[in-house]
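Notes follow the structure.
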Amino acid sequence: MTPKKSHTRSEQIFRQAESVLVGGVNSPVRAFRSVGGTPLVIKRGAGARIEDADGNSYLDYVGSWGPLILGHALPAVVAGVTYQAARGTSFGMTAELEVELAQLIRRAMPSIELIRFVSSGTEAAMSAARLARAATGRSYLVKFSGCYHGHADPFLSEAGSGLATLGIPASPGVPEAIASLTINVRYNDSEAVDRAFTRYPGRIAAVFVEPVAANMGVVPPAEGFLRELREITRREGALLVFDEVITGFRVAHGGAQALYGITPDLTILGKIIGGGLPVAAYGGRRDLMSLIAPVGAVYQAGTLSGNPLAMRAGIETLKQLEAPGFYESLAGRSARLTDGIAALVAEHRYPASVNASGSLATLFFTPGPVRNFEEAKRADTAKYARFFWEMLERGVFLAPSQFEAMFVSGAHTDEDIQRTLAACAESLEVVFAQG
Ligand code: KE4
């Protein structure tokens, strides 16, 4: 067993953090509540690695939850943001950078005829929901249990009793009247979507879907699932909204819509398009987006929307993602990792299973298959927590939750993958030796 790493400084700083930040964090998952222990406080990142306040270095498979597909402190991003900062950080007026990033996105995803930049995926999803309701004159939304579209009220709704039933609040503060306008159905179950439309004919504005789910752990779409959603929504006059905040520029240069050849009416983007700075967006059909102010009457605004520094970080990132062969190389390296983990599971007959889509992956501590949230929740989260800490002690930082993804970046080398697999073999042996 490798010597235990010191976390003294992280613990000291985190105590201070708890005295001024709610739970010591600015986003709940960072509090390590599902894996226990004191969260790391991170000092710096470079390439595929992060360093904590105690000077411990880790191979990073969180990558700020997806944005850093090219690794930390990408030189082009650092130089671009530095250059831009010296020329002003925010103007509150259109800058040419916004046009440049929008054109890079549209080149990759032609379904996005018009786009609006915002500052978070939550804001993008919230705005897309408002737009869908305005465009159709309908109030109900369909989402999938286990999918996450940010924390706006319409999406903090969870399935009540039974399936395809009206949602119930998933959080205090969300009014019943709002939550009940969202219908939650099982992922990969297009028949449940059909039943929702049968039950609420002419009343559903849109179906929101993560085309590759990554917020219940990674769950790829079943064969035909996305095509069936496209057919149902088209038949019913509802919008199909792809939430590509994670999958956009991740599973393919053109996102899941390119990978699976399905054209949504609206797309939500985030993470990678900001290169680690706060950028998200919603966009799609010109006739729909033209309903947004100031062209149309659907109001949405934002002080720092299209922020020049963030635009520059996104531009420098997306320009590098256009490099020929990038995604093939990333997929190959990711496959060596996920195939290697799956081989360990098979060789030792561990009660675990690997789901993957390109450079997204989750090792579930359940035999699987994991095709939806109910099956994902069978995972042994206590074993995942032990695995998390065993891997951390071996210098590998994974998501502090079973229901998140591993993100492989272009900065991870073949040697990093081998090192990760070695740590994984040792960690799994410890986890399952305890029965
Ligand atoms: P933000 O509001 O966090 O920028 O984006 C919300 C969002 C929307 N859609 C999808 C598919 C997402 O994955 C997210 C946010 N993802 C989480 C990680 N699973 C962000 C991490 C966090 O909440 O701290």
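Order of appearance sets the numbers: ligands from 1, and atoms from 1 within every ligand. Every heavy atom of this structure was used, including side-chain atoms; hydrogens, water molecules and symmetry mates were not.
- Looking only at atom types and distance, the side chain of Ser359 has no donor-acceptor partner in the side chain of Tyr327 under 3.5 Å away.
- With sequence neighbours excluded, the residues forming a ring-ring contact (aromatic ring centres under 6.0 Å, His included) with Phe225 are Phe144, Tyr187, listed by chain and number.
- Sorted by chain then number, the residues whose non-hydrogen atoms approach ligand 1 to under 4.0 Å are Ser27, Val29, Trp65, Ser120, Gly121, Thr122, Tyr148, His149, Gly150, Glu210, Asn215, Asp243, Val245, Ile246, Lys271, Glu404.
- Ser57 and Arg49 share a side-chain donor-acceptor pair at under 3.5 Å.
- Side chains of Glu210 and Asn215: a donor-acceptor N/O pair is present below 3.5 angstrom, by distance only.
- Taking the ring axis of Phe387 as reference, the NZ or CZ atom of Lys383 does not stay both within 45° of it and closer than 6.0 Å to the ring centre.
- No donor-acceptor distance shorter than 3.5 angstrom exists from the side chain of Glu18 to the backbone of Gly24, with no hydrogens or angles considered.
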